[in-house]
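Every number for a ligand or one of its atoms is a count from 1 in the order of the listing. This one's a predicted model, so the numbers in the text were calculated from it and none came from an experiment. Sequence positions, counted from 1, serve as the residue numbers for this chain.
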Amino acid sequence: MTFRARHLLGIEPLHPTEITELLDTAQHYAELNRQGRAPRDVLAGLTQINMFFENSTRTQASFEIAGKRLGADVMNMAMQASSVKKGETLIDTALTLNAMRPDLLVVRHPNSGAVDLLAQKVNCSVLNAGDGRHEHPTQALLDALTIRRAKGRLHRLSIAICGDIAHSRVARSNIMLLGKMENRIRLIAPPTLMPSGVAEFGVEVFDDMEEGLRDVDVVMMLRLQKERMDGGFIPSEREYFHRYGLDAAKLAHAKPDAIVMHPGPMNRGVEIDGTIADDINRSVIQEQVEMGVAVRMAAMDLLARNARAARQETGVMA
Ligand code: ASP
């Protein structure tokens, strides 16, 4: 099964072979990027619009660079989360943009499901750049590529995802992707930050870091998503760091060659000790950012190919 979809809305509908195809294409772009040989004609003549209704540093910059490297005309719409609160307004925005005939629409939105809804209303390909607590597919793909490059494989690894799992779309997309690729997933969080219904995910659950990290190959840390918390989920940041923050003593329980990941933005001294984040022998955080560009190039390349093929099939001039 090859990746023939029109949109990239989440990891959930993807088959493992589609994930592998996306990762192989991204791997190819990662090499070309390092050699400074990215092909400028892949998205030439196509218009990419980035619509971020929620703040972003890495993801927005990464999608913009990815599009430009492949020759797309990229436009960033300045959106304020506060200006679009109603579904109706979102749809109106989508219809307006649709009338400008973009080819690729990259959307981040604070509401889970908003990007899927928008995708139903437009004719172009939509890429989900994070919707509420729901999904962040390109983050999971870039994490997978980073793991595959560091460990030489993406199956039968023991992977710990730690911290604010309840509010994290990164955790959700990663649990799905890494599960589909047959890895062993451990979730480590205080009970207040563990999502309900976690048993359905087919994962092991821990509330103690030392126990949960024992012999894992990969340690994935998550930010405390305060903007999605509406009450006291943790006693204090200090106490949280003491119990759940990744420091050298806790990391010593993982395998000696375990890698440390974080999707960013990082809160040093809250979920991760700065010295661990900066330790080039353990941390692959910068590599994650680098792979982000390659993964987004791959996703947009494949979606543009699919759109071209669909147009040819329906007899419309490409
Ligand atoms: N940057 C990631 C996201 O947009 C993770 C985070 O914000 O903590 O979900």
Next item on the list: Using non-hydrogen atoms of the residue, decide whether Ser56 is closer than 4.0 angstrom to ligand 1.
Entry: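 For ligand 1, residue contact (heavy atoms, under 4.0 Å) with Ser56 is absent.
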So if I count the atoms of ligand 1 from 1 in the order they appear, which ones are less than 4.0 Å from some heavy atom of [X]?
{"X": "His136", "answer": "3 (C), 4 (O), 9 (O)"}
{"X": "Val170", "answer": "2 (C), 5 (C), 9 (O)"}
{"X": "Arg108", "answer": "4 (O)"}
{"X": "Arg223", "answer": "6 (C), 7 (O), 8 (O)"}

Checklist line | Any residue meeting salt bridge (Lys or Arg N to Asp or Glu O under 4.0 Å) with Lys180, in chain and number order, not counting sequence neighbours | finding: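 Once residues adjacent in sequence are excluded, Lys180 has no partner under the salt bridge (Lys or Arg N to Asp or Glu O under 4.0 Å) criterion.
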Note to self: Less than 4.0 angstrom from a charged side-chain N to a carboxylate O is my criterion; do Glu64 and Lys68 meet it?
What the structure shows: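 Salt bridge: yes.
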Item checked: Arg149 bridged to Glu31 by N-O distance under 4.0 Å ->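 Here Arg149 pairs with Glu31 in a salt bridge, since their nearest N and O are under 4.0 Å apart.
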Checklist line | Any N/O pair Arg169/ligand 1 closer than 3.5 Å | finding: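 N/O-N/O distance below 3.5 Å exists for this pair.
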Next item on the list: Record the part of Arg58 in heavy-atom contact with ligand 1 below 4.0 Å; permitted values are side chain, backbone, both and neither.
Entry: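 None of Arg58 does.
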Next item on the list: Find out whether Thr47 and Met75 are in side-chain contact, i.e. whether some heavy atom of one side chain is under 4.5 Å from a heavy atom of the other.
Entry: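 With C-beta onward as the side chain, the pair stays apart.
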Margin query: Starting from atom 1 (N) of ligand 1, what is the nearest protein heavy atom, named by residue and atom, and what distance separates them?
Written below: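 The closest one turns out to be Gly264 O, 2.9 Å.
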Checklist line | Test applied, salt bridge (charged side-chain N to carboxylate O under 4.0 Å, His left out); reference residue, Arg169; option that passes from Glu54, Glu12, Glu135 | finding: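 Output: one option passes, namely Glu54.
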Item checked: Crowding at CD, Glu200 (>12 non-hydrogen neighbours, <6.0 Å) ->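 Counting other residues, nucleotides and ligands, CD of Glu200 stays at 12 neighbours or fewer.
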